[in-house]
Amino acid sequence: MKKFIVGNFKMNTTTHEFAKYLDKFLPLVKDSKNVVGLSIPYTHLMLASQKLVSTNVVYGSQNISTEEKGAFTGEISNLMVKDLGAYFTLVGHSEIRKKFRETNEQINQKIIRALSVNLKCILCVGETKTERNANKTKQVLKKQLEIALKGLYENELKNIIIAYEPIWAIGTGKMPTVKEIEKTVCDIRQIVLDMFSQKSAEKICVIYGGSVNQNNSANILKIKNLNGLLIGGACLDPVEFANITK
Ligand code: 13P
């Protein structure tokens, strides 16, 4: 089974640096058997549309607006991102949930916007350390997923990728054990089963993010019910990221 390995650049690199990155990265991943994705700043989408055409690397944005167009200064819409050839958008990253107080309801609106123009969604969910210590991980994920996926038709789930990113594992060098990730992925599939069906629960793409690097990625990818990885810091080095995709 192909894995979906996505690098999230966050707010890093100028377009010039990104162009240099691609020059190094693309030859290294051209024979990858996995699907490789780049979640890039909006300013890089045009360049990506030129440089990634007819490569095996897909790209997307890190967010979209809840709105399609109009008086929303500073926002970027589903149509604009799609227009530049994006394959996906991230939604609900914990950094946006926290810093911009993004709600599950807004995430739901963004997903509906994305799906309406055929953009796939990488929906990020995850618990804080406090929630984890209080044994509330499943409860938190259930709420995040139930609201984010509200109103979706079952056949739309093929365009949803659930990224399990425990907030306490992001950029900290800490992460759950392989067994714990496996158990949480199971819980996520159970939540999808309760909302939709057994078939959807089995088929939905679930990936893991949080302190993944070239030393621990192979072990995490051995988890049977896991379909890929979402990588932050380690994707900024093209050689390290290419190693992970292998
Ligand atoms: P790190 O890999 O830097 O922990 O970041 C994970 C992340 O937030 C990806 O979206």
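We count ligands from 1, going down the list as the structure has it; atoms in each ligand are counted the same way. Quick note: residue numbers are just sequence positions, from 1.
Electrostatic pairing of Lys142 and Glu146 counts as a salt bridge here, judged by a charged N lying under 4.0 Å from a carboxylate O. Under 4.0 Å is where a charged nitrogen must lie from a carboxylate oxygen, and between Lys10 and Glu95 at least one such pair does. With respect to the salt-bridge test (charged N to carboxylate O, under 4.0 angstrom), the residues Glu180 and Arg132 qualify. Lys110 has a carboxylate O that lies under 4.0 Å from a charged side-chain N of Glu102, or vice versa, which qualifies the two as a salt bridge.
Residue-ligand proximity: Ser211 is placed with a non-hydrogen atom under 4.0 Å from ligand 1. Taking a 4.0 Å cut-off on heavy atoms, Gly209 fails to register as neighbouring ligand 1. Every heavy atom of Cys124 sits 4.0 Å or more from the atoms of ligand 1.
At least one donor-acceptor pair closer than 3.5 Å links the side chain of Asn34 to the backbone N or O of Thr245.
Around atom 1 (P) of ligand 1, the closest heavy atom drawn from Ser39, Gly173, Gly232, Pro166 belongs to Gly232.
Here the protein heavy atom with the shortest distance to atom 9 (C) of ligand 1 is Glu165 OE2, 2.9 Å.
Close contacts between ligand 1 and His93 involve ligand atoms 7 (C), 8 (O), 9 (C), 10 (O) [criterion: under 4.0 Å to a heavy atom]. Using a 4.0 Å cut-off to heavy atoms of Leu230, the atoms of ligand 1 that qualify are 9 (C), 10 (O).
For Ala169, every heavy-atom contact with ligand 1 shorter than 4.0 Å involves the backbone, none the side chain. Of all the heavy atoms of Ile170, the ones lying under 4.0 Å from any atom of ligand 1 are found in both the backbone and the side chain.
Clustering ILVMFWY residues whenever any of their side-chain heavy atoms sit less than 4.5 angstrom apart, transitively, puts Ile207 in a cluster other than the one holding Ile188.
With respect to Phe241, the side-chain contact (heavy atoms from CB on, under 4.5 Å) criterion is satisfied by exactly one of Asn213, Leu38, Leu236: Leu38.
In this pair, Phe25 and Tyr21 present their aromatic rings tilted. The plane angle is within the 30 to 60° band.
Close N/O approach between Gly171 and ligand 1 is found [any backbone or side-chain N/O within under 3.5 Å]. At least one N or O atom of Lys10 sits closer than 3.5 Å to an N or O atom of ligand 1. In terms of polar-atom proximity, defined here as any N/O pair under 3.5 Å, Gly233 does make such a contact with ligand 1.
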